[in-house]
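Source: prediction; values computed, not measured.
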Amino acid sequence: RGQKMSKSKGNVINPMEMVSEYGSDALRLGIIASRSPGQHQAFSANRVVAGRNFCNKLWNIARFIESELGKGFKPHQASLESLADHWIVGQLQNASEGIQRALEGYRFAEASDILYHAVWDSVADWYIEASKDQKNPDLLAWVLDTSLKLAHPFAPFVTETIWQTLSWHDDLLINQPWPTAIEHNEIAAGEFTRVQSLVSEARFVIAALPGNERYSLLYQTDTLVEENAALIKRLAKLQDVKSVDQARGLKLAASGREAWLDVSEDTLREHLINLEQRLAATHAD
């Protein structure tokens, strides 16, 4: 209600109760999130829940990578092999620099926001999925280590616990230096960004199509799609990705590529009717 916490008003929140329910790391993240310097903002338990979800995401990332690497894994110097490898190194490097600048300027909310998108979006949503098709164990270990180092100032307990469960560590995370950069190819990273653009559009269009059918992606003379067909198929959950001489179906225009979803005439007609109905409803509102 925009009021200060006060015992006399009876509106004080006991932090120990929040810690008991959600964990201390979640409370830290919840207090930091969406705070603008010099402005009063209401405390929200929903932000603490979001902090707990972020901690759970870190656990899930760690468990997946551990299962991929196997017991007793010892990483070597990471080498970059796929477009996704170059891209994630660039993303985490940018996040590291951005978080460091924000922390030095006491902009804690901005720092936590950079961390959230780096771990949740870049690592979990994109790189982990891409790594299932293009395996690089040494870089997977580096990505996990770097994510834990970046998250440690915000969630010290869960990150330290994860760090000490990893077979390749026998020291404390709190004693580790801030992540350092790995040489990567900006052109290769940009190519993965273009793959992302195509996959994102395919996902968006498929979600709007009637039914739950898995579609094939058709393309013409496109080296990027051809060389990353298996990756695109996995990320967009497609039935197939194949080259054709004659274009057909629904063109994916936003990505700027010569690519189509192999959609039947009946599905296209139904999709067009649905779009016209939504447009009419929007004008009516």
Student: How is the hydrophobic cluster of Leu172 composed, in terms of its other members, when Ile, Leu, Val, Met, Phe, Trp and Tyr link through side-chain heavy atoms under 4.5 Å apart, directly or indirectly?
Tutor: Ile174
Student: Any heavy-atom pair between the side chains of Val195 and Trp87 that's under 4.5 Å?
Tutor: no
Student: Is the Trp120 ring parallel, tilted or perpendicular to the Tyr116 ring (thresholds 30°, 60°)?
Tutor: parallel
Student: Could you please spell out the steps behind the side-chain hydrogen bond (donor to acceptor under 3.5 Å, both in side chains) verdict for Gln164 and Asp171?
Tutor: CA-CA 7 Å; Gln164 294 184 36; Asp171 48 8; over 6 Å; no
Student: Same hydrophobic cluster for Leu252 and Leu238, using side-chain heavy-atom links shorter than 4.5 Å among ILVMFWY?
Tutor: yes
Student: Applying salt bridge (charged side-chain N to carboxylate O under 4.0 Å, His left out), name anything that partners Arg248, two or more places apart in sequence or on another chain.
Tutor: Asp262
Student: With Lys242, which residues qualify under salt bridge (charged side-chain N to carboxylate O under 4.0 Å, His left out), at least two apart?
Tutor: none
Student: So do the side chains of Val123 and Leu92 get within less than 4.5 Å of each other, counting heavy atoms only?
Tutor: yes
Student: Using side-chain heavy atoms (C-beta onward) and a distance below 4.5 Å, is Leu198 in contact with Leu217?
Tutor: yes
Student: Are there over 12 heavy-atom neighbours, none belonging to Glu265, within less than 6.0 Å of that residue's CD?
Tutor: no
Student: May I have all residue pairs that pass ring-ring contact (aromatic ring centres under 6.0 Å, His included) and include part of residues 59-84, sequence neighbours excluded?
Tutor: Phe73-Trp168
Student: Hydrophobic side-chain clustering at under 4.5 Å (ILVMFWY, transitive links): who's grouped with Ile31? Put none if nobody.
Tutor: Met5, Val12, Ile13, Met18, Val19, Tyr22, Leu27, Phe43, Val48, Val49
Student: Taking the side chain as everything from C-beta on, heavy atoms only, tell me whether Val205 gets closer than 4.5 Å to Tyr215.
Tutor: no
Student: I'd like to check Ser6 versus Asn11 (side-chain heavy atoms, cut-off strictly below 4.5 Å). Are they in contact?
Tutor: yes
Student: If you look at every heavy atom in Cys55 and Ala26, which pair is closest and at what distance?
Tutor: SG-N, 4.4 Å
Student: Report the C-alpha separation of Ser122 and Tyr127 in whole Å, then their side-chain angles, then the decisive distance to 0.1 Å, and conclude whether the side chain to side chain contact (heavy atoms under 4.5 Å, CB included) test is met.
Tutor: CA-CA 6 Å; Ser122 299; Tyr127 185 70; over 6 Å; no
Student: Is the CZ atom of Arg63 crowded by more than 12 outside heavy atoms at less than 6.0 Å?
Tutor: yes
Student: Think Arg203 forms a cation-pi with Trp126, using NZ or CZ under 6.0 Å from the six-ring centre and within 45 degrees of its axis?
Tutor: yes
Student: Apply the test side-chain hydrogen bond (donor to acceptor under 3.5 Å, both in side chains) to residues Asp85 and His184: give CA-CA distance (whole Å), side-chain angles for both, the deciding distance (0.1 Å), then the verdict.
Tutor: CA-CA 8 Å; Asp85 290 348; His184 68 285; over 6 Å; no
Student: Is a salt bridge present between Glu68 and Lys132, judged by a nitrogen-to-oxygen distance below 4.0 Å?
Tutor: no
Student: Could you pull out all residues at least two apart from Arg194 that satisfy side chain to side chain donor-acceptor pair (under 3.5 Å)?
Tutor: Glu191
Student: Can you confirm whether Leu150 sits close enough to Pro179 that some side-chain heavy atom of one is under 4.5 Å from a side-chain heavy atom of the other?
Tutor: yes
Student: Atom CG of residue position Asp245 - does it have more than 12 heavy atoms of other residues, nucleotides or ligands inside 6.0 Å?
Tutor: no
Student: Taking atom NZ as the centre, does Lys237 end up with more than 12 heavy-atom neighbours from other residues, nucleotides or ligands that are less than 6.0 angstrom away?
Tutor: no
Student: Hey, does Leu224 have a side-chain heavy atom less than 4.5 Å from the side chain of Arg257?
Tutor: yes
Student: Is there a side-chain contact between Ile88 and Leu139, using heavy atoms and a 4.5 Å cut-off?
Tutor: yes
